[in-house]
Visitor: 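Following this message is one structure expressed as structure tokens.
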Amino acid sequence: MKYQTIRSLLAAALLASWLPLCGQTSATPEQRANLLLSKMSVDEKVGQLNQVFDFSGLPGMPAPAQKLEDQVRQGQIGSILFVTDPKRINALQKIAVSEGAHIPILFGFDVIHGFDTEFPVPVGMAASWDPEMARKAQSVAAEEAVHAGVRWTFAPMLDIARDPRWGRISEGAGEDPYLGAAMARAQVKGFQGEPGQPLRFAATLKHFAGYGAAEGGRDYDASYIPEELLQNVYLRPFQAGVEAGAKSVMSAYMDLNDVPATGNTHLLREILRDQMKFNGFVVSDANAVGDLYTHGFSSDAKDAAFRAAVAGVNMDMGSGTYLKNLKQLVTEGKVSATALDDLVRPILATKFALGLFDSPYADGDESTHAVMLAKHRDLARVAAARSAVLLRNEGGVLPLAKTTRRIAVIGPLGDSQYDMNGPWSLTAKPADTVTIVAGIRNKLPGADVRFAQGVQLRKQFPSMFDGLIGPKPEAEWDADKAEATMKEALSLANDSDVVVLALGESALMDFEYASRSSLALPGRQQELLEKIVATGKPVVLLLFSTRPLDVTWASQHVSAIMDCYFGGTETGNAVADLLFGDVSPAGKLPVTWPRNAGQIPIYYAHNLSHKPYGAPDFTSRYWDLPTEPLYPFGFGLSYASFEISNLRLSKKEIHTKDPVTAVVTVKNAGKVKADEVVQLYLHQKSGSASRPVRELKGFQRITLAPGESRDVSFVVGAAERTYWSSATHGWTLDASEFDVWAGDSSTASLHDTFSVVQ
Ligand code: NOJ
């Protein structure tokens, strides 16, 4: 090589190494990461793969061990989770950037549905069928978290959940891959912004993959999912999240088809990297790398580190297994230097993309919380109202007249600020939250709004989370107290014009490590409900929970039932808007609502079978229960009434790659302005494999004034018809006849057909 060339190469290298450090570079985050990698020791690289918990901000937890600061100083920590105090974040960050490896720490936290301001729990957001609202909510959550110095969330959770015994149904979008994909896209865009925009906050798609299919709905148990179900159902939301540009993915805890997800090369390399083209970094779920040994998969901790690294887990959350073993694995040549760099690179690139090298500190202080809350309360109120699903409204009991004077709010969830925020609301302050009692009082300042708890709500077996991140579990009431409290509620009901019953589950009954065997209303709530209905007073039942509950009795005896999930900070005001008709409910169920736990799993997109439902005999059913669910997927009532008619297809015959457009006319035939969610379902009638009876392939939430009509159109393209076939072992687009239905739920009957030819 000529002297001149060598000299200019050297000059370029020098320039390149100088520029990124002062932040004046046009190099990409990956280029900057590569340059930094070339200067790092193996110890420093391994440090970047280590994420540690710091729980010291949680009430009752011990002060942080000095060890954490020392570890930062020694460059042994790439990320810390659970610190949300900007002062502490800045103090730790200062050590990280000025000592040790001089690399900023990525502070992560479970920002699931809010930070200062809580929005509805994710399954509630999904019930709004309004991805744009979910995008806005998560963009607010990101803005609030960034002020605190948290730059990375472990959300959105994209696990399809078809078993409501699983407590984490609360964090996802329910049972359907199409709705799940729409909510995935929206949330990633909310957290991160559009791809190409400057990044301030990184999202995590979790839990990869199949966590929602835990056997028996028992959190942490193994999942067994055949490839076709994995591809067609469980992975679709993840694909959407990857395409939206999500920076990280969390590998799940559990065994998937006998291989723990965190050591699963098929899942993390062949599917995630090769098939889905994910190029961010994978973080394990808590301690999941170390737990590869517990599973009986790895022979010891070193083997666990090896197998997680080989599978492509970039960051070890909490177990310290990488920190203790990876260097030795590199020294022994079991993990190559290139493989180590490949693990570190996307983490560094994300830190560069987030601007952490240029601006590592948080700008929030004691006043930020109140400022954020004031700015975002209005949106939280809209979001909570948009999430509620009206399940029953016999005789038009709702909306209630604003002239109602004596209102009894009864039930353990009627005045609970903590529960209204919902699970995973650790940084929200319950004192900011509007309960049902407060919301109704705000709406009707002149009314007499009184509250009685009626019954106690408690878990038979509390988990370690109860009392740690929520209120301490209460001792069981003795018989006298239980009777007196029930009596008080009945006498309040008798002394009122209307009873608003707030029943369901407490927030921590719908969480991690919170599976249940039954869907009954916990405790003595069913008894309370029946006694209140027996008073003869008009009753509105508000349900708070994220799993469907067994309300079969209520569905026959209570005039009005509204599922409110947990709406977040503004729950009470939003519910009052709905109760008194300022807003018409328009949420739709994101899960099929079973009659009882015996019907689980029940979901609308099941296969047709050789004895389809509705056949005169030999149909798959129980002899003690109707086959149909209590409420179907996509169902929800309104104060208006909508007519959906005139389904028109652009073509009756198309070629496999062509799209067909379906148009319907929607009319608000009611008396109030309201929203309707128009849904489109598809069924492939023949092909290389059996296909579900119907699958959601389009939806739109629209607002119509009384008497107003609008055409709504859906494009059904090749993507909507492509599926993974176990017969061809690949993605398949068949020539077939297709059914199309349009309507207001998964039982829509407006129908047409079209044919796809080769
Ligand atoms: C365990 C949970 O499964 C996961 O969802 C969460 O993000 C981590 N803990 C961190 O809190």
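Heavy atoms only: backbone and side chains are in, while hydrogens, waters and symmetry mates are out. Just follow the structure's listing: the first ligand is 1, and inside any ligand the first atom is 1.
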Visitor: Mind checking what makes ring pair (Phe, Tyr, Trp, His ring centres under 6.0 Å) contact with W152, not counting sequence neighbours?
Guide: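 W152 satisfies ring pair (Phe, Tyr, Trp, His ring centres under 6.0 Å) with F154, F281 once adjacent residues are dropped.
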Visitor: Would you mind checking if R165 and D163 are paired as a salt bridge, meaning a charged N to carboxylate O distance below 4.0 Å?
Guide: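 Yes, D163 and R165 are salt-bridged.
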Visitor: Residues in salt bridge (Lys or Arg N to Asp or Glu O under 4.0 Å) with D110, at least two apart?
Guide: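 Salt bridge (Lys or Arg N to Asp or Glu O under 4.0 Å) check on D110 returns K206.
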Visitor: Protein residues near ligand 1, heavy-atom distance below 4.0 Å?
Guide: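 Ligand 1 is contacted, at a heavy-atom distance under 4.0 Å, by L81, F82, D110, F154, R168, K206, H207, M250, Y253, D285, M317, W424, E512.
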Visitor: Is the distance between the ring centroids of Y603 and W593 less than 6.0 Å?
Guide: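 Distance test on ring centres: not under 6.0 Å, no.
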Visitor: Should R547 and E505 count as an ion pair when the cut-off is N to O under 4.0 Å?
Guide: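 Looking at R547 and E505, the cut-off is met.
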Visitor: Which residues pass the side-chain hydrogen bond (donor to acceptor under 3.5 Å, both in side chains) test with K45, sequence neighbours left out?
Guide: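 For K45 the side-chain hydrogen bond (donor to acceptor under 3.5 Å, both in side chains) partners, ignoring immediate neighbours, are D341.
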